[in-house]
There are 2 protein chains.
Amino acid sequence: MSLRERKQQLVRDAIWDVAIDLFARKGFDATTVDDIVEAAGVSRRSFFRYFSSKTDLMTQSGSGRYEAMVTEAILGSARGRAKGSTMGEVLRGAVLDVAGCVAAEPRTLKILEIAAKYPEARAAFGRAGDVHEAAAGAFRRRMGKKKDRVEASLLAGVMLAALRTVFEVWFENPRQDISVAVERVFAGLEGWI
Amino acid sequence: MSLRERKQQLVRDAIWDVAIDLFARKGFDATTVDDIVEAAGVSRRSFFRYFSSKTDLMTQSGSGRYEAMVTEAILGSARGRAKGSTMGEVLRGAVLDVAGCVAAEPRTLKILEIAAKYPEARAAFGRAGDVHEAAAGAFRRRMGKKKDRVEASLLAGVMLAALRTVFEVWFENPRQDISVAVERVFAGLEGWI
DNA sequence: GCTTGTCCTGACACTCAGTGCCAAAATCCC
DNA sequence: GGGATTTTGGCACTGAGTGTCAGGACAAGC
């Protein structure tokens, strides 16, 4: 690693640390890019060379890395998982891989704390969170008290996943009734539920 | 409905129609709010009274409506679904309700078309779409050609749902190993997969 | 029909995010 | 050390979104 690269990493880390600290203290929206660059001692223009946007500071390491991590985990080439595994096993292994990678980064916890504290910061991860929250709450109410929060959250996630897939299927042929797409998706869920 | 309310609805519809038309022709980013208000014949300030942001035009009807729709569908009070239904039945019914509601609005198709055509417009729905896309592609590759796209998309959705739930569980007690959270979530998935 | 209070609209000015451009400084390679 | 290349800072610009305020349109009462 050359001097230049180490220096860049240093600057990048310095910006990130300062920014996360400010977010935690003042909130995401209340912290301006000017606040960050002043505290970090870099120019405004340089900030945008290291991070493509303010939300990049929250979504960690810019665009594409999470996608790559997920893809890698599913394909699991590094682990040499048996070709004959069932999809359930693949799914479980992939979740474990990604969760492990994310949890291994100490920054993850700080980001989760900020996201828990400030709603605006949660928006950095997209509006999907709000819908998921609402659906999970509804499932919880529907189930009564006997079942726990985890299952409600999972059901909500599966529902949103099913909906997304339904729209995908339906959009290929929007003239047909959408219930046909629902049928097809639930045929795919067959055996899971 | 008073004259005032009808007038507001008229303005709102006019803005939306003009905006969607511009998005479809020029793209989401390339269309400025100034373009929209000029074409619609309202002031810039009034635009932001009707829509809280430019992306609101894509996510349809502002914040909260989709959440409400999902919640309503799960609780299913309007349908009077039997209390004793299994969660699988509830899930299916809720998906059908939401999909039906969405498909019934003619605007939905236009929005889907724009989202399909312009990547920037997809970003209005949050970054989650990109991750889902990547994961579904990975599952497709992993499964080989024998299974179809629908199942890959579903698997991707379930995986993201599981991950989100894992982080939720883990965040309550971040000192413990994240694999414990994964265990717990997959215990909830037990019987589904 | 006219007044009065309420709501809506347009206009202006402002903050902040993000980008293009160019000159100066730092780094790397020889 | 000297020259090519990369990085940086400064400046100006566009575009989104917000606060404020005066003026106009609406509903209700007389």
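In what follows, every chain begins at residue 1, and chains take the letters A, B, ... in the order their sequences are listed.
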Just how far, in rounded Å, is P of D:dA22 from CZ of B:Arg45?
-> 16 Å
Would you please confirm or rule out a distance under 4.0 Å between OP1 or OP2 of C:dA17 and any side-chain N or O of A:Ser53?
-> no
Check: D:dG17 base within 3.5 Å donor-acceptor of B:Arg44 side chain = yes
The nucleotide from D:dT7, C:dG18, D:dG10 with an atom nearest the side chain of A:Lys54 is C:dG18
Is it the case that A:Arg12 places NZ or CZ above or below the six-membered ring of A:Phe51, under 6.0 angstrom from the centre and within 45 degrees of the axis?
-> yes
Rounded to whole Å, the CZ-C1' distance (A:Phe51 to C:dC16) equals 19 Å
Between A:Ser46 and B:Phe28, whichever has its closest DNA chain D nucleotide further toward 5' is A:Ser46
Between D:dC26 and B:Lys7, is there an OP1 or OP2 to side-chain N/O distance shorter than 4.0 Å?
-> yes
Ring centers of B:Phe23, B:Phe28 separated by less than 6.0 Å = yes
Starting from P on D:dG9, measure out to OH on A:Tyr50 and report it in whole angstrom.
-> 8 Å
Can you tell me how far P of D:dT14 sits from CZ of A:Phe48, to the nearest Å?
-> 17 Å
Side chain of B:Arg49: nearest nucleotide among C:dC21, C:dG10, D:dA16?
-> C:dG10
Rounded interatomic separation in angstrom, taking CD from A:Glu120 and P from D:dG17 = 16 Å
Under a 4.0 Å N-O cut-off, is there an ion pair linking A:Lys26 with A:Asp35?
-> yes
CG of A:Asp34 versus P of C:dG18: gap in Å, rounded?
-> 12 Å
Listed nucleotide nearest any side-chain atom of A:Thr32, set C:dG10, C:dC16, D:dT7 | C:dC16
Quick one: B:Leu57 CG to D:dA16 C1', roughly how many Å, whole number?
-> 13 Å
Salt-bridged, A:Arg6 to A:Asp13, with N to O below 4.0 Å?
-> no
Under 4.0 Å between a side-chain N or O of A:Ser43 and OP1 or OP2 of D:dG10?
-> no
Could you tell me whether the side chains of A:Ser179 and A:Asp177 share a donor-acceptor contact shorter than 3.5 Å?
-> yes
Separation of C:dC7 P from B:Gln9 CD (nearest whole Å) | 19 Å
